[in-house]
Undergrad: 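Input: one structure, supplied below.
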Amino acid sequence: MQSVYDYTLNELKDILKPSFRAKQVYNWIYKKYVTDYDEMKNIPNDLKNELKTNYPIDILKIVKKEQSSDGSIKYLFELKDGHTIETVLLLMKKKKISEDGVIEKSEKYTVCISTQVGCKVGCTFCLTAKGGFVRNLTAGEIVAQIVQLKKDNEIAENKSLNIVFMGMGEPLDNYDNLVQAIKIFSEDEGLAIATRRQTISTSGISTKIAKLGSENLGIQLAISLHAVDDDLRSELIPMNKAYNIKSIIDAVKAFPVDVRKKVMFEYLVIKDKNDDIPSANKLVKILNGINAKVNLIYFNPYPGTPYQRPTRENMIRFQDYLLGKGLICTIRESKGLDISAACGQLKEKEGNGIN
Ligand code: SAH
Ligand code: SF4
């Protein structure tokens, strides 16, 4: 049995007759965050009963919630089969209210969502990888993460959000459900999150990047590059042996990006591994010819990892070098660092019963 969150508006129109009912249901679930068909006042009872039986509103159960001092909130959600996933609401800009109570600037949110329980890729620096791969999320489970966050935080239906597919799992390893979720997110009658506000972060499955590009969805791309030579990259991301740096760069060059937008390259900085200037120099060469921006990420250590967090001096030195060569480069602010920041860490804590 599938969840109502699995369907695009057109698919629901094909199922529900008369078809305008689909639009009504979509409005209830995505604009009012209603999770009980009985609350849908304009839906006739017999249809409500059919919907309850065949298209349940499978909202995610909140198992745990951690609020960071910067306003970000990390959620641990439970799926119907008992597995858990993480979703993070990142407060990018706080609301600004003037002395006389007028809102001068409204808050800005980005939501980091998961696409799988666990991950197959097995990166040696990643906590999610440690638990192995369990299963793909359905499109409905991907979509429900945003609905639950908006509902739980009472975020207005017309408040625009950015989505990053950067939680647990490798999005392109769950290709069909990912693409279905992207389409559902962007429905005007639903959450109305434009595809240009959705960024997919991938460890670099080149063939799937090419396939995604051919669909011309208008989404943004982020590549977890992390290393500039194939030896180190294969140590960090074993899949690099099959999809090496050159294959990824070629796929990115062919990817259709809005001319005003850049492809983001994430570079996880690990002390004494890839934080040196020759690496920065090689990165500049690799990205030559791409409208790229680089996001440097501090490696976030966890018990048992052989890797270390880089020093702030080395991060800034690396950034300055790239900036000096004309590359746009930011250092990822560790949003919510006090709430077990890197992906997989909240779940790990729960699993170990450390709290
Ligand atoms: N599988 C996708 C998206 C999920 S991982 C990908 O790899 O891109 C999201 C980001 O978290 C990746 O850039 C990944 O490198 C980063 N990450 C994983 N473990 C981390 C850690 N211990 N410290 C900091 N960032 C980490
Ligand atoms: Fe999977 Fe991304 Fe973690 Fe690598 S970094 S194991 S691809 S979630």
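All ligand and atom numbering here is 1-based and tracks the order in the structure. What you see below is based on every heavy atom in this structure, not just the backbone, and it leaves out hydrogens, waters and symmetry mates.
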Undergrad: Using residues 13-22 as the side-chain source, report each donor-acceptor pair under 3.5 Å to any protein atom, sequence neighbours left out, with the distance given to one decimal.
TA:
unit_1	atom_1	unit_2	atom_2	d
Lys17	NZ	Lys13	O	3.0
Arg21	NH1	Gln24	OE1	2.8
Arg21	NH1	Asn42	O	3.0

Undergrad: For ligand 1, is there an N or O atom under 3.5 Å from any N or O atom of His226?
TA: yes
Undergrad: Compute the minimum heavy-atom distance from Tyr298 to ligand 1 and say whether it is under 4.0 Å.
TA: yes
Undergrad: Tell me the contacting part of Glu266 for ligand 1: side chain, backbone, both, or neither, using a 4.0 Å heavy-atom threshold, strictly below.
TA: side chain
Undergrad: Looking at Ser186 and Ala194, would you say the former's side chain and the latter's main chain have a donor-acceptor pair under 3.5 Å?
TA: no
Undergrad: Would you verify whether the NZ or CZ of Lys211 falls within 45 degrees of the ring axis of Tyr175 while also being under 6.0 Å from that six-membered ring's centre?
TA: yes
Undergrad: Regarding Lys120 and the six-membered ring of Phe133, is the cationic atom NZ or CZ under 6.0 Å from the ring centre and inside 45° of its axis?
TA: yes
Undergrad: Do the numbers put Arg309 on top of the ring of Tyr298, so that NZ or CZ is under 6.0 Å from the six-membered ring centre and no more than 45° off the axis?
TA: yes
Undergrad: Between Lys32 and Glu157, is the closest basic N to carboxylate O distance under 4.0 Å?
TA: no
Undergrad: Please identify which atoms of ligand 2 are closer than 4.0 Å to at least one heavy atom of Val121.
TA: 7 (S)
Undergrad: In terms of atom number and element, which parts of ligand 2 are under 4.0 angstrom from non-hydrogen atoms of Ser203?
TA: 7 (S)
Undergrad: Within a reach of under 6.0 Å around CZ of Arg196, are more than 12 heavy atoms found that belong to other residues, nucleotides or ligands?
TA: no
Undergrad: Need the ligand 2 atom indices (1-based, order shown) with element for anything under 4.0 Å from a heavy-atom of Ala129.
TA: 6 (S)
Undergrad: Do any nitrogen or oxygen atoms of Gly169 come within less than 3.5 Å of a nitrogen or oxygen of ligand 1?
TA: yes
Undergrad: With nothing but distance in play, are any N or O atoms of Leu268 less than 3.5 Å from an N or O of ligand 1?
TA: no
Undergrad: Could you list the atoms of ligand 2 found under 4.0 angstrom from a heavy atom of Cys126?
TA: 3 (Fe), 5 (S), 6 (S)
Undergrad: Please answer whether the main-chain N or O of Leu172 pairs with a side-chain N or O of Lys208 as donor and acceptor at a distance below 3.5 Å.
TA: yes
Undergrad: Does an N or O from Ser224, backbone or side chain, lie closer than 3.5 Å to an N or O of ligand 1?
TA: yes
Undergrad: Is Cys119 near ligand 1, meaning one of its heavy atoms is under 4.0 Å from it?
TA: no
Undergrad: In terms of atom number and element, which parts of ligand 1 are under 4.0 angstrom from non-hydrogen atoms of Gly167?
TA: 4 (C), 5 (S)
Undergrad: Quick one: side chain to side chain contact (heavy atoms under 4.5 Å, CB included) partners of Glu11, sequence neighbours excluded?
TA: Tyr7, Thr8, Gln180
Undergrad: Which of the atoms in ligand 2, numbered in the order shown and given with their element, are less than 4.0 Å from a heavy-atom of Cys119?
TA: 1 (Fe), 6 (S), 7 (S), 8 (S)
Undergrad: Between Arg332 and Glu266, does at least one N-O distance fall below 4.0 Å, as a salt bridge requires?
TA: yes
Undergrad: Looking only at non-hydrogen atoms, which of Asn300, Thr305, Val164 approaches atom 23 (N) of ligand 1 most closely?
TA: Asn300
Undergrad: Could you tell me whether any N, O or S atom belonging to Cys123 is less than 2.8 Å from atom 4 (Fe) of ligand 2?
TA: yes
